[in-house]
Every structure is written in C-alpha cells, then in structure tokens.
Asks: 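After the structure tokens below, expect a handful of questions from me.
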Amino acid sequence: MRSILHVDMNNFYASVECLYRPEIRNVPVAVAGDPENRHGIILAKNMLAKKLGVTTGEAIWQAKLKAPGLVLVPPDYKKYLRFSRLARQIYYDYTDQVEAFGLDENWCDITNSLQCLHSDPVTIADSIRQRVKKELGVTVSVGVSFNKIFAKLGSDMKKPDATTVIPYDRFREIVWPRPVNELLYVGRATNRKLRDIAVNTIGDLARLDLAILQRKLGKWGEILWLFANGMDTAPVRKIGEAEQIKSIGNGTTCPRDLKTEQDVKLVFTVLAESVAARLRDCGVKCQGVQIYLRDNDLMSISRQKKLEYPCCTSRPLLDAAMDLFRQNYRWQKPLRGLGFSAIYLVTANKHIQLSLFDDTVEQLITQEQIEKAVDAIRYRYGHDAILRASMLLDSKLTGFNPKEDHTIHPYNYFR
C-alpha cells in the first residue's frame, strides 16, 4: 500500500504578500488583478478575508461588499515562484518523488522513505508542516492517503496548518459522505450533470452503475467512478524524470471588448509572439495551433488545426490563429478574452521534409534567425526595446507582455 502526501500551501499568494508587508497581516487581504484592465478578480485571500466570505474568482466589487476594509495587493509571481521552489526543497529532504500541481500544491510519495527515515506517514506530514512554517513563514495543509486523489481531498478537508488522514480501510466512511464537487475534476458543469441523475455525494458516484455514468459523461464518467472508488493508481513523478510538455500557451482578458477583426489580430499578434518565444526557450517546435475565444457573456469556444511544417516563429502561428478565427466566429457578440496555444510539440531539431517546389522551409529558417535576434535584444534591453509597428495602433490592447506576466495554472493530472 502506498503512502502519498498532498501538501497545499494555505492562501499562498496572500500569505507571501503578508510576509513582505507585516502591517497588513492582521487585516483582510486579497491578491487581485487590475480592474482597469478588466482583470479585476480575486486570485487569493487570507484567512481573515475568507471568514468574511471573500472567495477566489469573484469580482473585486463583490469582495468589497463582503469585506469593506479589504486590502488589495497586485500579484507578484516572481515572489511566489521563489517560495514554491523553497518549499519543494524541503519536500525533497523526505523523498525524491515530488510532483507539482501548480505553484502551491505538490504530491509526495514517501512509500520508500518510511523505512529509511524510521518514521510513519503522519509524523512525516507533521514534520513538513512544522518546517515550512518555521523556515518559510507560511503554513501548509497535508493530506495523507494511499493514492493521489484522496491525498488531495484530505489536504482540502481541514485548513489551515493541519494534517488529515484518509486510510484505505476507512476511505468509504470518510470520503463517500462528502459532496461530489469536492472530488478532483468535478467542476461546475460536471456537477450539474451529476445532480441531474441524483448524484450528490462521492458515495452516490461510487455506487452508481458505471454504464449510466459512461452514457452521461463518456470517458470522464469512468475516470471519476474509479476516483470515487479509491482506484486511482497514477504514480508520483520522481526528481529528474522527463517532463513531457504537451502544449505552450498564453491567454488574456482584454481591457475592452474586441469588436473587429483588426482588434483580434492585434491581440493574437502579442500572444503569438509570446508563445513563439517560449517555444524557442524550450527548444521545441509546434505542429498545430489552438485558439480560445470568450465573448462578453463569458461563453467560450476553442478550435485547433495542424500546421504544414513544424515551426517556432510567430508569423505562421498568427496566420493559423486568424484562419481558425475567421472560419469559426461570426461576431454574434463582442469578444472579451482570447487564448492561444502551440500544440503537437516536437524537438526543435526534428528533420523536416523539404520541397522542390517552394521555399517555405527556407523562409521559416530565416524568420527564426530574425526572431532569435529579437529575443537577444529583449533579453538585454527589455521587452519594449523592440516592437512591431502594428503594436502602436492600439497600445491599450497590445500593452502587455504575456511571456513574463502569464499566470501559472495547475499542471494537468493526466500526463
């Protein structure tokens, strides 16, 4: 039987900000985006704000109604990255199997460490909690269980600064009475579908006929049924184990609604440049493009296509994104947000079949050399040292740098 921990840093962004600003430690605090650029949502909150009802993801104005004295702090991802790395260094003292799930969450498989450390899972979990608090000044909650799904559920059950155990012989007693939306990957849409068939608890899901779930949710139904029945067997990755990057992307909520194709092209130009630069940084090329469109009623669609040649330059990425946009959007409503991802990644030195009839590959090579020169200039003098002339058409729409400022989301569990 495995022994797996899920370590979740409590109110992470807000906790780090309070370390740097002692004067706000004893008041309600929230880390939030910039309302002027329509990024005005709560990203994280401290315990005092949470007790007043402030929730992650709600609008700033809603949070202020609940907590009139709420102190708002802009996000600083460089600080959060630093604390995330420092926390993982502590976890590495207990096991070489540490797998990140975003900046503030990690799974640790300590199965093979118990004998070496002459300890038990709960003692190790408590030791990690105490060390993080003492050495970093923030708190963590730890779930202890026999698989990753229930370890994560355990870390969510009691906060802050707590250890929760879900053993194999008692998981039905502990887990099954809980609301089904507490299970990883049961989001709002899935929760609604499950409620339609009278599935309200994790136990309801576990006891339901698998064929019914498959008809309702397809492949996801089987996966969630296995989760609910304690049959998650996903391993925890070891240090140094190859990380397979499946896509590289950026997205943005625009400072105003996009009402013309020109508006869309300007934003996609910035996103394509960022994604292309990140591809080059990672030493990979993409063979496909995916776009994400969200209108001002917050309805979303995504579409993708393959490219003729693998590339890591912005022009073919932008052209593909605009082709997808023109084919799939009819301007029923203005757009509020755009996303762009490079998919079907291959190594940058993969051989490309040349053609006798056109010089597309040679053009791609030339363009890559040009964009690498731009990378070098920006690395030395800053992102704004060299810009496309089109960026001057609407500096409010294009005045952001997604490569450096992008939000870091949890990694995909199914890797």
Asks: Do the rings of F101 and W107 sit parallel, tilted or perpendicular, given the 30° and 60° boundaries?
Replies: tilted

Asks: With salt bridge (Lys or Arg N to Asp or Glu O under 4.0 Å) as the rule and sequence neighbours excluded, what pairs involving residues 182-192 come up?
Replies: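 Non-adjacent pairs meeting salt bridge (Lys or Arg N to Asp or Glu O under 4.0 Å): R178-E182.
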
Asks: Any donor and acceptor pair, going by atom type alone, linking the side chain of R129 with main-chain N or O of D161 inside 3.5 Å?
Replies: yes

Asks: Who passes ring pair (Phe, Tyr, Trp, His ring centres under 6.0 Å) against F325, sequence neighbours left out?
Replies: Y329, W331

Asks: Taking side chain to side chain contact (heavy atoms under 4.5 Å, CB included) as the test, write out the residues that go with S15, two or more places apart.
Replies: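 With neighbours one apart ignored, the set is N11, V138.
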
Asks: Could you tell me which residues satisfy side-chain hydrogen bond (donor to acceptor under 3.5 Å, both in side chains) with N112, sequence neighbours excluded, listed by chain and number?
Replies: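 Partners of N112 under the side-chain hydrogen bond (donor to acceptor under 3.5 Å, both in side chains) test: none.
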
Asks: Among pairs that include at least one residue of residues 40-61, which meet ring-ring contact (aromatic ring centres under 6.0 Å, His included), considering only residues two or more places apart or in two chains?
Replies: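 As it turns out, there is no ring-ring contact (aromatic ring centres under 6.0 Å, His included) pair with a partner in residues 40-61 once direct neighbours are skipped.
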
Asks: What residues, two or more places apart in sequence or in another chain, satisfy side-chain hydrogen bond (donor to acceptor under 3.5 Å, both in side chains) together with T111?
Replies: D109

Asks: I need the full list of ring-ring contact (aromatic ring centres under 6.0 Å, His included) pairs touching residues 130-154, with sequence neighbours left out, sorted by first then second residue.
Replies: F146-F150, F146-Y168, F146-F171, F150-F171

Asks: Using the test side-chain hydrogen bond (donor to acceptor under 3.5 Å, both in side chains), find all partners of T201 that sit at least two apart in sequence or belong to another chain.
Replies: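 Partners of T201 by the side-chain hydrogen bond (donor to acceptor under 3.5 Å, both in side chains) criterion, ordered by chain and then number, come out as D204.
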
Asks: Of the non-hydrogen atoms in R21 and V73, which two are nearest, and what is the gap between them?
Replies: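 Smallest heavy-atom distance, with atoms named: NH1-CG2, 3.6 Å.
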
Asks: Who passes side chain to side chain contact (heavy atoms under 4.5 Å, CB included) against A49, sequence neighbours left out?
Replies: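 Checked A49 against side chain to side chain contact (heavy atoms under 4.5 Å, CB included); matches are P28, K45, N46, V54, L70.
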
Asks: Go through the structure and list residues passing salt bridge (charged side-chain N to carboxylate O under 4.0 Å, His left out) with D323, not counting sequence neighbours.
Replies: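 Scan of D323 (salt bridge (charged side-chain N to carboxylate O under 4.0 Å, His left out), adjacent residues dropped) gives K305, R326.
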
Asks: Look only at the side chain of R280 and the backbone of C312, and say whether a donor-acceptor pair between them is shorter than 3.5 Å.
Replies: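 Here the side-chain-to-backbone pair exists.
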
Asks: Apply side chain to side chain contact (heavy atoms under 4.5 Å, CB included) to Q290 and list each qualifying residue two or more places apart in sequence or on a separate chain.
Replies: S302, Q304, S341, I343

Asks: V374: which residues meet the side chain to side chain contact (heavy atoms under 4.5 Å, CB included) condition with it, sequence neighbours left out?
Replies: R378, I386

Asks: Please check if the side chain of K152 supplies one atom and the backbone of G143 the other of a donor-acceptor pair under 3.5 Å.
Replies: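 No, K152 side chain to G143 backbone: no donor-acceptor pair under 3.5 Å.
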
